Amino acid sequence: MESRPEPLHYREFPGRNATSPACYPPRVNLPRLISLAVAVPPQVVYQDAVKQFARGLFSATIGSDERLLDVFDNAEIDERHLCVSLEWLAEEHTFAEKNNLYIEHGLELATAVASDALTRAGLSARDVDHLVFVSSTGLATPGLDAMLANRLGFRPDFRRTPIWGLGCAGGAAGISRARDFALADPSARVLVIALELCSLTFQRDDMSKKNLVAASLFADGAAAAVVTCGPASAGNASVELLASHSVLWPGTLDVMGWTVDGQGLHVVFSRDIPAIVHEKVRPSLSGFLATQHLRLQDVDHLVAHPGGVKVLHAYANALDVSPQRFAHARDVLRRYGNMSSPSCLFVLERFLRCGEIAPGQHAVVTALGPGFSAEYVLLRGARA
């Protein structure tokens, strides 16, 4: 049987020396994630309090059917962090008011998490060559990326790529794009930020069941990572970014996303998401791994976006693995809720902080988003 060639992602170019052809490029390391930081607003709300808040606000929807409030118990969330209080959410606010708070609180959170990630990597703001900024819960032009650059003092010639509209898939997509940029410019230090303030998209006058479900799940948070092809001389993480893959399934535009009106962003998600995960994730993930000469059983760690407990169950069933493989994802969901794009990076931070991705082991970051779509990033624990 003819052997398959080694994937390009795993090759390293030969070093240039006195006898090597001049056309050979210099030796290039694989892109690495060398630091990862997470941050949340200081205000904590507990699920029991949110349940009581919803009982009063959604009384017309709930009526005498208290079972509708079971969604708060079944979510398996204990607490969440929000940039505003429940009392503020109970009041009427315009889209402009919400968006102004998105800019104010978003810039504060981005500043904190970016500073932490750079410090962990042993870098300063002026060392950043490229910023990938992911967010889908507010609007700003110039964007938060430009505001952050002014606040932290990035060099005027740094490059920026704002990404809007990928929702829960945005964190994985941001790491994927950072890998692409690092491959294109091996000397670049790429900073990725995924930031969402989901609380500011809450619609107090929307009495639909989907808004009730959203109230039981979503929260605020941010994550930042540094990616480079250079040696990992510093940082709290060192994993190689071997490959990435995107899937956009046709005919699924109505599964997840936003609708927009004068009151702002209204959540859209289908109750069929767990069924879609069960049907589509395994073949798409298996196909991606096959291009890297790997099988599902070769993956040591699954770093899944915790969109909800039913989604995590669907992952386990679809991939035929123990639910324990998603213990970190469930713990992030329990402590922080669904923060949209940064959530999968919170899960990855748990794996790295616990030292669970050993040198040579493979992990896959997986997240689902509007479209309906999936983002996969293949990682390998870096050897010293």
Side-chain angles (χ1 to χ4, degrees), residues 7-16 25-38 110-111 113-134 145 148-149 152-163 170-195 222-244 303 342 344-345 348-349 351-353 355 357 359-365 375-384:
L8 179 61
H9 307 289
Y10 284 68
R11 292 185 188 146
E12 293 183 343
F13 292 110
R16 182 180 293 165
R27 186 178 182 87
V28 176
N29 293 319
L30 287 167
R32 292 188 182 200
L33 187 153
I34 64 167
S35 79
L36 180 57
V38 297
T111 300
V113 78
S115 299
D116 193 5
L118 290 171
T119 298
R120 291 169 184 265
L123 300 173
S124 71
R126 295 190 66 82
D127 293 319
V128 174
D129 300 296
H130 202 135
L131 171 61
V132 179
F133 199 102
V134 180
D145 54 328
L148 179 69
L152 289 183
F154 288 14
R155 299 191 322 269
D157 65 341
F158 89 105
R159 299 177 182 180
R160 56 195 176 106
T161 300
I163 299 178
I175 296 297
S176 177
R177 297 292 77 76
R179 175 184 175 275
D180 294 342
F181 294 135
L183 281 173
D185 182 0
S187 66
R189 287 148 299 195
V190 186
L191 175 65
V192 184
I193 297 175
L195 179 146
V226 176
V227 173
T228 181
C229 283
S233 57
N236 68 325
S238 185
V239 288
E240 296 169 326
L241 307 177
L242 299 181
S244 65
V303 185
C344 66
L345 302 182
L348 179 59
E349 191 270 342
F351 275 97
L352 297 175
R353 178 153 42 94
I357 305 178
Q361 287 189 336
H362 290 92
V364 172
V365 178
E375 294 285 339
Y376 306 123
V377 184
L378 178 63
L379 316 176
R380 182 174 61 190
R383 294 181 171 88

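The model shown is predicted, which means the values in this text are computed figures rather than measured ones. Count residues from 1 along the sequence.
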Taking all non-hydrogen atoms of both residues into account, name the closest pair between [X] and [Y] and its distance.
X      : Y      : answer
Ala194 : Pro342 : O-CB, 3.5 Å
Ala225 : Ala117 : N-CB, 4.4 Å
Ala178 : Val192 : CB-CG2, 3.3 Å
Pro31  : Ala182 : CB-CB, 4.2 Å
Ala114 : Ile193 : CB-CD1, 3.8 Å
Gly153 : Arg126 : O-CG, 3.2 Å

Separation of [Y] [atom2] from [X] [atom1] (nearest 0.5 Å):
X      : Y      : atom1 : atom2 : answer
Leu36  : Phe351 : CG    : CZ    : 12.5 Å
Glu240 : Cys229 : CD    : SG    : 10.5 Å
Ser35  : Leu118 : OG    : CG    : 7.0 Å
Ser115 : Arg120 : OG    : CZ    : 12.0 Å
Ile357 : His362 : CD1   : NE2   : 11.0 Å
Leu242 : Arg179 : CG    : CZ    : 7.5 Å

Not counting sequence neighbours, which residues clear side-chain hydrogen bond (donor to acceptor under 3.5 Å, both in side chains) with [X]? List them please.
X      : answer
Asp180 : Arg177
Thr161 : His130
Ser124 : Asp127

Q. Would you find more than 12 non-hydrogen atoms of other residues, nucleotides or ligands less than 6.0 Å from Arg159 atom CZ?
A. no
Q | side chain to side chain contact (heavy atoms under 4.5 Å, CB included) partner of Leu33, chosen from Leu345, Leu379, Leu348 | A | Leu348
Q: Using the side chain to side chain contact (heavy atoms under 4.5 Å, CB included) rule, pick out the option among Leu123, Leu191, Val190, Leu148 that qualifies with Val128.
A: Leu191
Q) Side chains of Ile175 and Val365: does their closest heavy-atom pair fall under 4.5 Å? A) no
Q.
Regarding Arg189 and Thr228, do their side chains bring together a donor and an acceptor under 3.5 Å, going by distance alone?
A. no
